[in-house]
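Report on the structure given below.
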Amino acid sequence: MPHINVESFNIPVMPFKKDGIEFLWYAKNIDHPDEGLIGVQVGSVPFLLQVKPKNATVLIKTEKVSRPSPNTLVKKALQALIETAKPKVLFSNISNIEQAKLKEPLPFLKEIGEFDADLLPKKPIWVEVGFGSGRHLLHQAKEHPDVHLIGLEIHRPSLEQVMRRIDLEGLENVWVVDYDARLFMELLPSDSIERLFVHFPVPWDKKPHRRVISDAFLDESMRVLNPGGTLELRTDSENYFKYAMEVFAKPKNVKLTLEKNLEGAVRSKYEDRWLRMNKNIYEIHVESLEASPDKVFEGSFSFPGDLSISELYAKKPSKAWVKPDCFAHVERFYAINEKEGLIRVALGSVERPEHKYILIHGEKTVYYPQNPVKTATNLRAHKILLEWMNCQA
């Protein structure tokens, strides 16, 4: 990821604007005052730069919770910052910045905080979980122009590579989303998806709770798939195959189809390698058999009341709230001034929490860089945070 090391760093007076990039405020870590966050805005894209000591130097990089795409945004912001502050740069990996054009957000990259299922195209929708190199995703998009593909991927280099391919090839029937598929499924309307691909997921033999396939994922898959729609799993792992078959066989009414070592629509580079190793390739199809009721989300992630970062820090909780159906953890506090600042929190499911900041700025308190995903679990966790703040939901 783009970053620079400097000998020392004096925070410039903020706010200021340079080369179309707004530097809004600096927030100091209350517990570790030599660390802090810089609020940055490029067009409609907000993100944070992190300033922290590293050995005898200072490291400046993007903060991962707010990390934007493409990386050019971060490179431009770092360049503008060091040109303004003029520190002695010891290391930088933002070379060729002069040639890097600051593009408008690509139309096929859908930020999760702005994802609106009501804007899904009126055509068959196929979803691929963890598209990796993108061979299968792009192949299906080119072979089926009448279908709209949504690709989910949390590995940023893979996502960036596939976005370049989509741009170069001029594909207009693909969206890519940088988000955990297990959470993303809850954003989709019932009976809205025709095909769902999960190809060669990480087996997680030592951490099975991290697997994509689970009872909850299957329930959501059957909800979003229209009757006759299919969930397709391909894996080279015998352990994962056996585990998935146990999960898929649990529902009372289910139609399963198993194939072994049959040619897929397109091979990934990993599949080529596994076939050379004479490994078995398992493919399981789970068909949705009935229509599902609409899913309704009731509630909001708002913060009523006049909040103060110093007052909230004074009652900083000593431990996380772990409930049977949700989880919330107040992690770090950053102060812009006596009243304004940020709180880093984790919330949602214990097994797959979301990390967000709560930004108290001006007269508003909001989640930053965007609201959590609209799930019942996240809403329950949000209400826990409101109770801690002595706010009413």
Side-chain angles (χ1 to χ4, degrees), residues 1-6 9 21 23-32 34-42 44-54 57-81 91-94 105 109-115 130 132 152-163 176-184 202 207 210 320 327-334 336 341-359 366-373 378 381:
M1 292 299 296
H3 65 277
I4 57 175
N5 272 99
V6 298
F9 189 70
I21 300 167
F23 295 86
L24 304 174
W25 34 258
Y26 177 75
K28 181 169 60 177
N29 188 321
I30 297 178
D31 292 313
H32 303 280
D34 51 352
E35 298 180 7
L37 301 171
I38 297 173
V40 182
Q41 185 92 13
V42 183
S44 61
V45 181
F47 60 96
L48 299 171
L49 294 178
Q50 185 176 38
V51 180
K52 62 184 300 184
K54 183 178 181 181
T57 68
V58 177
L59 175 66
I60 308 175
K61 62 178 183 177
T62 182
E63 198 283 330
K64 64 181 181 180
V65 168
S66 69
R67 183 176 60 190
S69 184
N71 279 336
T72 303
L73 296 174
V74 179
K75 291 182 178 181
K76 288 285 190 180
L78 289 172
Q79 182 71 22
L81 183 64
F91 173 83
S92 168
N93 68 350
I94 59 172
L109 174 63
K110 300 300 176 182
E111 298 294 341
I112 193 64
E114 301 171 1
F115 184 86
L152 306 173
E153 180 56 67
I154 60 173
H155 183 242
R156 185 56 67 113
S158 296
L159 184 139
E160 299 267 356
Q161 176 185 342
V162 170
M163 285 201 301
V176 293
V177 183
D178 176 6
Y179 205 63
D180 189 320
R182 298 170 296 183
L183 294 168
F184 179 79
V202 178
K207 297 180 179 180
R210 298 193 64 178
F327 162 87
H329 184 205
V330 175
E331 298 178 334
R332 301 171 202 156
F333 288 76
Y334 297 83
I336 299 172
L342 298 99
I343 307 170
R344 178 172 161 136
V345 298
L347 75 163
S349 166
V350 177
E351 297 176 352
R352 43 183 169 132
E354 285 196 65
H355 293 273
K356 295 288 180 185
Y357 283 90
I358 298 171
L359 173 63
V366 296
Y367 281 107
Y368 184 96
Q370 67 275 109
N371 279 339
V373 173
N378 284 345

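Contact annotation: the side chain of M163 approaches that of L109 to within less than 4.5 Å [non-hydrogen atoms, C-beta and beyond].
To the nearest 0.5 Å, atoms CG (N29) and CZ (F333) are separated by 10.5 Å. Taken to the nearest 0.5 Å, the CG atom of L359 stands 6.0 Å off from the CD1 atom of I336. In this structure, H355 NE2 and L347 CG are separated by 9.5 Å, a value rounded to the nearest 0.5 Å. Considering CG of L342 and CZ of R332, their distance stands at 12.0 Å, rounded to 0.5 Å.
Take Y179 and apply the ring-ring contact (aromatic ring centres under 6.0 Å, His included) test, not counting sequence neighbours, and it matches no residue. Partners of R182 by salt bridge (Lys or Arg N to Asp or Glu O under 4.0 Å), not counting sequence neighbours, listed by chain and number: D180. Residues that satisfy the side-chain contact (heavy atoms from CB on, under 4.5 Å) test with Q161, not counting sequence neighbours, are R164. Residues passing the side-chain contact (heavy atoms from CB on, under 4.5 Å) test with K52, sequence neighbours excluded: E35, Q50, L59. Scanning for side-chain contact (heavy atoms from CB on, under 4.5 Å) contacts around V350 gives V322, F327, with sequence neighbours left out. For the side-chain contact (heavy atoms from CB on, under 4.5 Å) test, residues two or more places apart in sequence or in another chain that qualify with S349 are E351, R352, T377.
In this structure a side-chain-to-backbone donor-acceptor pair under 3.5 Å is present from Y368 to F47. Between the side chain of E354 and the backbone N or O of N378 there is no donor-acceptor pair closer than 3.5 Å. Looking only at distances, a side-chain donor or acceptor of S66 sits under 3.5 Å from a matching main-chain atom of L48.
Counting all heavy atoms, side chain and backbone alike, R67 lies closest to T62 at CA-OG1, 3.8 Å. Across all their heavy atoms, G348 and A381 have their closest contact at N-CB, 3.5 Å. When all heavy atoms of E153 and S158 are compared, the closest pair comes out as CG-CB, 4.1 Å. Shown here for R344 and V65, the closest heavy-atom pair between the two residues is NH1-CG2, 3.3 Å. Taking both residues in full, the closest heavy atoms of Q79 and I94 are given as OE1-CD1, 3.5 Å, listed atom of the first, atom of the second, then distance.
Salt bridge R156/D178: present, at least one basic N to carboxylate O contact under 4.0 Å.
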side-chain contact (heavy atoms from CB on, under 4.5 Å) assessment of Y367 paired with I358: CA-CA 4 Å; Y367 281 107; I358 298 171; 3.8 Å; yes
Criterion side-chain contact (heavy atoms from CB on, under 4.5 Å) on V74 and L49, from CA distance to verdict: CA-CA 8 Å; V74 179; L49 294 178; 4.3 Å; yes
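When each of T57, N93, I60 is paired with N5, the side-chain contact (heavy atoms from CB on, under 4.5 Å) condition holds for T57 and for no other.
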